[in-house]
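Notes follow once the structure below has been shown.
Everything numeric here is computed off the predicted structure, so don't read it as measured data. So that the names make sense, note that chain A is the first sequence line, chain B the second, and so on, each numbered from 1.
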Protein chains: 2
Amino acid sequence: MAENLKADQKTQLALDLGHAMHELRMLIRHFIQTKIKEHNIDITFEMLEVMSVLWKRDGRNQQEIADLTLRDKSSMTYLIDNLVKRKLVKRVEDEKDRRNKLIFLTEDGNRVKEQLYPWVTEEYIKATATLRLEDLQSSVNVLKEMIDNLKKVEV
Amino acid sequence: MAENLKADQKTQLALDLGHAMHELRMLIRHFIQTKIKEHNIDITFEMLEVMSVLWKRDGRNQQEIADLTLRDKSSMTYLIDNLVKRKLVKRVEDEKDRRNKLIFLTEDGNRVKEQLYPWVTEEYIKATATLRLEDLQSSVNVLKEMIDNLKKVEV
DNA sequence: TAAAAATGGTTTGAATTTAAACTATTAAGT
DNA sequence: ACTTAATAGTTTAAATTCAAACCATTTTTA
């Protein structure tokens with residue numbers, strides 16, 4: 001009985017956690033979208049997530065970017081198409097493995113980093129201003145443990 | 001300097017947290033979708049999120065459901081349309097305030113709860129199996145504090 | 001080495017999303 | 001009461017999502 005009660009409490013907490021996670025993500029998305037709109041920049045939050053991965057290192061293939069941004073590879077085809085149209089990235093066929101299309105930033109793509117990147121982190125800085133590093137770290141650990149638990153079970 | 005370093009670390013942790021949050025949500029979504037598909041049920045994860053809110057209490061208006069499920073009210077029009085088509089809910093105009101459309105579960109809508117609701121919690125139980133209640137609680141607190149910080153700033 | 005399996009990308013189709021403009025209704029302020 | 005503001009819902013348009021089926025290209029394996 002005591003065990004069941006505890007399990008219920010944990011489930012409820014996990015549901016709360018899920019809701020809070022989603023809310024947090026939507027808040028940040030909304031903030032970034034507003035910033036982008038205010039400055040009349042022709043890019044979406046989703047494209048920005050792809051750009052963020054490339055700013056760290058470009059020349060990745062589409063599947064790799066899809067994995068990093070937690071998207072289906074077919075969404076990635078579409079998103080990269082849109083970024084190519086806006087001349088922010090270019091596709092280059094991999095000579096060593098012709099299945100791969102490597103994605104590189106253009107000059108424009110590098111340039112917008114200076115403008116957009118600060119906004120991406122600004123919100124996170126605000127969000128964590130009142131928090132202690134250790135508490136943040138342990139929250140990350142908790143979420144990662146939950147992810148591990150789910151992945152283990154699925155095998 | 002030490003302060004800057006700490007801020008950078010916190011930002012990085014917050015980014016990690018954001019990523020973990022999203023990954024967790026996608027894992028759970030994928031699990032539920034698979035379950036639904038296996039049992040040939042004509043419903044989507046998004047519709048299920050709406051149903052979850054109604055199982056707690058129905059007779060809410062669309063805006064209220066939109067707020068609870070963190071969606072735009074126009075998405076809600078669409079989702080409710082699809083749930084009405086499947087005869088899982090019905091729209092009833094509020095007599096006291098004719099702007100409101102109150103959403104009620106049908107018999108079918110109540111019936112599928114027995115089948116679907118356990119799946120919604122099953123994943124959360126698995127995810128949190130190895131975790132302590134206190135750690136889960138403090139993670140929820142951290143996320144809620146982040147949400148508060150963002151909402152405060154936006155005013 | 002030939003067949004089978006795995007991998008990367010695209011296409012397709014249906015569902016969903018947001019933002020913005022819009023209508024209808026109610027509430028508030030003067 | 002009258003005008004204005006706020007609220008609920010719908011519509012529209014464009015972007016995005018996932019899943020599944022599909023091609024092309026490697027890699028594995030028998």
Name the nucleic acid region contacted by A/T44, choosing base, sugar-phosphate or nothing; use a 4.0 angstrom heavy-atom cut-off, strictly under. sugar-phosphate
With heavy atoms under 4.0 Å as the rule, sort B/D72 into base, sugar-phosphate or nothing. base
Boundaries of the chain B footprint along DNA chain D (any atom under 4.0 Å from a heavy atom): D/dA6 to D/dA20
Are B/Q137 and A/Q9 packed together at the side-chain level, in the sense that at least one heavy-atom pair is separated by less than 4.5 angstrom? no
Please work out whether the ring planes of B/W119 and B/H39 are parallel, tilted or perpendicular, with thresholds of 30° and 60°. tilted
Which nucleotide span of DNA chain C, 5' end to 3' end, has atoms closer than 4.0 Å to non-hydrogen atoms of chain A? C/dA6 to C/dA20
Residue whose closest nucleotide on DNA chain C lies nearer the 5' end, A/R29 versus A/N100: A/N100
Salt-bridged, B/E123 to B/K126, with N to O below 4.0 Å? yes
What's A/K101 touching, base or sugar-phosphate or nothing? Going by heavy atoms closer than 4.0 Å. sugar-phosphate
Are A/Q63 and A/D67 close enough, and set up right, to give a side-chain hydrogen bond (donor to acceptor under 3.5 Å, both in side chains), and what steps lead you there? CA-CA 6 Å; A/Q63 181 64 61; A/D67 290 342; 3.1 Å; yes
Both A/K73 and A/L70 contact DNA chain D. Which one's nearest nucleotide lies toward the 5' end? A/L70
Do the charged groups of A/R86 and A/D42 touch, with an N to O distance under 4.0 Å? yes
Toward the 5' end of DNA chain C, which comes first, A/D97 or A/K37, by nearest nucleotide? A/D97
With a 4.0 Å cut-off, would you call A/E46 and A/R29 a salt bridge? yes
Pick one: which of B/K101, B/R57, B/K73 meets salt bridge (Lys or Arg N to Asp or Glu O under 4.0 Å) with B/E64? B/R57
Taking the nucleotide of DNA chain D with the nearest heavy atom to each, does B/L102 or A/D94 sit closer to the 5' end? B/L102
Indicate whether any N or O donor in one side chain lies under 3.5 Å from an N or O acceptor in the other, for B/N149 and B/E145. no
